[in-house]
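Notes follow once the structure below has been shown.
Just so you know, these numbers come straight off a predicted model, no measurement behind them. Here is the naming used below: chain letters follow the sequence lines, and residue numbers restart at 1 for every chain.
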2 protein chains.
Amino acid sequence: MKLTNEFLQERLNGQFEHLLLDEIAKTGQYKRVSAGSYLIRPGEYIRSVPIILHGSVKIMRPDKEGREALLYYLGGMDACAMSLTCCLGSKQSEITAVVEEDTELIAIPVDKVDEWMCRFSTWKQFVFQTYQKRFDNLLATVDEVIFQKLDERLLAYLHKKAQSCGCRVLSITHEEIAQDLATSREVISRLLKQLERNGVLKLMRNKIEMLS
Amino acid sequence: MKLTNEFLQERLNGQFEHLLLDEIAKTGQYKRVSAGSYLIRPGEYIRSVPIILHGSVKIMRPDKEGREALLYYLGGMDACAMSLTCCLGSKQSEITAVVEEDTELIAIPVDKVDEWMCRFSTWKQFVFQTYQKRFDNLLATVDEVIFQKLDERLLAYLHKKAQSCGCRVLSITHEEIAQDLATSREVISRLLKQLERNGVLKLMRNKIEMLS
DNA sequence: CCGGTTCCGTGACAAATGTTACATGGCCCC
DNA sequence: GGGGCCATGTAACATTTGTCACGGAACCGG
């Protein structure tokens, strides 16, 4: 799709100045990506930084045994800090990014990311804000993993998920949750059952309804 | 102490251009900080970004119960990414930074950090490299906490420590280790004893000698 | 040398998490 | 309706981690 200034103005919440919008319209690439597709996998190089207009992207961290734990989600108006550092240092990705819900994004070529930093203060601000948000995300994840027990982490996970999809009924299997939290299916089933007994949620096949 | 261009040239490994060194000499503040002092605590504001010339600084993350887990160390030529984001967004610190070994650093006033970004490409590079390093540190920590068991984490912890102090005999108590890893002293004692039986290390009062 | 303090070792038990094994039940497709 | 697949439930057991209780050893200051 061709990017226009008006479209960008609306979708980017007017957080960028006009000249910058022109540049984005000229060099940015609009993309629709459907749920399940990978934006980046470990070891790949990135040549553009995605700004997410709408949807949600799941950032995961793999280990050597093939497990893959959830780090955090990217949502509207978020950009990926990993891709920023990867681009600017031409480093390989160390994470996996997979589209969770159908997503619209604008891909900014790496050389522009750098160039605009000095030309547009709103861009510089955006870049640093992005770093800050990702740092906060990571810290929150670290907190949970270090200080909380699994049942608390599970509950936090479900709430985040419900919030991100904007509904109270989650379409997910116990197995998927187990992968995201880097544990086993049986453990999750056990804890979920416990939460159900406590009236926090209701379990159905392939679905979990949050009650509180 | 008064900063001179020559001093900076030598201590900063010549990674900055001359004009920038002049600026740093003019506005940077040289500081010696002795082991045990706090550079920043949660809730405080930072008005300068430290560049560490020599020594080591421990970055920790507190939780509500008063526990405080180790995130990572800063060493020579490192800068603190937290302080970067905190400064640029005038946010409160979310971490604790305490000097582990006597440290020399240069404090850069926050407005300069921003101003130099566009004027000096080596500075811009430095800032982004800093972000990247801190991200990598955090990811490594996340990896350990998510995927590894305590005995592996403990061993990794000891190795990092040995590397950072450059010697094979660590001066540390079981209690301190337990705090850094957010667990209890007894657990650490037990695991250490096990490692000793396996010939990995030797235990002494207030000291641990790494053998491998 | 004595008394107090800090550090360490350790057994016994509790709680949390991981693993194995199998049963059940829904759902899809023919 | 029957067969097969997938998701879930669950018991039983293993391992890991956390907690409590206590004793002894090393060190330190008088």
Side-chain angles (χ1 to χ4, degrees), chain A residues 36 63-70 142-158 161 169-211, chain B residues 36 63-70 142-158 161 169-211:
Chain A
D63 81 338
K64 40 223 148 25
E65 337 260 308
R67 286 180 295 187
E68 218 164 30
L70 170 67
V142 169
D143 279 348
E144 288 173 12
V145 178
I146 293 188
F147 297 118
Q148 303 196 147
K149 282 193 291 186
L150 249 184
D151 53 352
E152 300 174 280
R153 287 177 57 202
L154 173 57
L155 201 52
Y157 171 89
L158 294 172
K161 195 113 183 159
V169 179
L170 310 176
S171 296
I172 195 169
T173 69
H174 300 185
E175 179 64 38
E176 290 177 81
I177 300 177
Q179 283 171 14
D180 284 348
L181 298 183
T183 178
S184 70
R185 198 266 313 165
E186 294 88 332
V187 172
I188 294 298
S189 289
R190 182 161 58 207
L191 294 176
L192 280 173
K193 207 68 199 170
Q194 201 175 295
L195 288 173
E196 186 179 42
R197 276 194 288 268
N198 293 345
V200 179
L201 46 77
K202 186 148 165 276
L203 297 175
M204 291 160 288
R205 187 187 171 81
N206 289 317
K207 289 199 186 326
I208 298 175
E209 180 181 354
M210 305 301 295
L211 297 179
Chain B
D63 81 338
K64 37 219 149 25
E65 336 261 307
R67 287 181 294 186
E68 215 165 33
L70 171 67
V142 170
D143 279 349
E144 287 172 12
V145 179
I146 292 188
F147 296 119
Q148 302 195 150
K149 283 192 292 186
L150 248 184
D151 53 353
E152 300 174 280
R153 286 177 59 202
L154 173 57
L155 201 51
Y157 171 88
L158 294 172
K161 195 114 185 159
V169 178
L170 310 175
S171 296
I172 194 170
T173 70
H174 300 185
E175 179 64 38
E176 291 177 79
I177 301 178
Q179 283 171 15
D180 283 348
L181 298 183
T183 177
S184 71
R185 199 267 312 166
E186 294 91 326
V187 172
I188 294 298
S189 289
R190 182 160 61 204
L191 294 175
L192 280 174
K193 208 68 199 167
Q194 201 175 295
L195 288 173
E196 185 178 42
R197 277 194 286 268
N198 294 344
V200 180
L201 45 77
K202 187 150 166 275
L203 297 175
M204 291 158 290
R205 187 185 171 84
N206 288 317
K207 289 199 186 325
I208 298 176
E209 179 181 353
M210 305 300 294
L211 298 179

Quiz item: What pair of heavy atoms forms the shortest contact from Ser171(B) to Lys207(B), and how long is it?
Solution: OG-NZ, 3.2 Å
Quiz item: Taking atom P of dT17(C) as reference, at what distance in whole Å does atom NZ of Lys193(A) sit?
Solution: 19 Å
Practice problem: Can you figure out which of dG9(D), dT19(C), dT17(C) approaches the side chain of His174(A) most closely? | Solution: dG9(D)
Quiz item: To the nearest angstrom, how far is Ile188(B) atom CD1 from dT17(D) atom C1'?
Solution: 11 Å
Quiz item: Do you know which two heavy atoms are closest between Arg185(B) and Ala178(B), and how far apart they sit?
Solution: N-CB, 3.6 Å
Quiz item: Is there a side-chain polar atom (N or O) of Thr183(A) under 4.0 Å from OP1 or OP2 of dG18(C)?
Solution: yes
Exercise. Send over the distance from Leu181(B) CG to dG18(D) P, rounded to a whole Å.
Key: 10 Å
Self-check item: Euclidean distance, atom CD of residue Gln194(B) to atom C1' of dG9(C) [Å, nearest integer]
Solution: 14 Å
Exercise. Quick one: label Thr173(A) by what it contacts on the DNA or RNA (base, sugar-phosphate, nothing), any heavy atom closer than 4.0 Å.
Key: sugar-phosphate
Exercise. Answer with yes or no whether Arg185(A) presents, from its side chain, a donor or acceptor under 3.5 Å of a partner atom in the base of dG18(C).
Key: no
Quiz item: What integer distance in Å separates Glu176(B):CD from dC8(C):C1'?
Solution: 14 Å
Quiz prompt | Presence of donor-acceptor pair under 3.5 Å, side chain of Arg205(B) and base of dT6(C) | solution = yes
Practice problem: Side chain of Ser189(A) only, please: which of dT17(D), dA16(C), dT8(D) is the nearest? | Solution: dT8(D)
Self-check item: Under-4.0 Å salt bridge between Lys193(B) and Glu196(B)
Solution: yes
Practice problem: Can you tell me the distance, in whole Å, between the CD1 atom of Ile172(B) and the P atom of dC7(C)? | Solution: 12 Å
Quiz item: Between atom CG in Leu191(A) and atom C1' in dA16(C), what is the gap in whole Å?
Solution: 9 Å
Quiz prompt | Flag, side chain of Asp63(B) to backbone of Glu65(B), donor-acceptor distance under 3.5 Å | solution = yes
Self-check item: Separation of dT19(C) P from Leu150(A) CG (nearest whole Å)
Solution: 12 Å
Quiz prompt | Residue mapping more 5' on DNA chain D - nearest nucleotide basis, Arg190(A) or Leu203(A) | solution = Leu203(A)
Quiz item: Okay, side chain of Glu152(A), backbone of Lys149(A): is any donor-acceptor separation there less than 3.5 Å?
Solution: yes
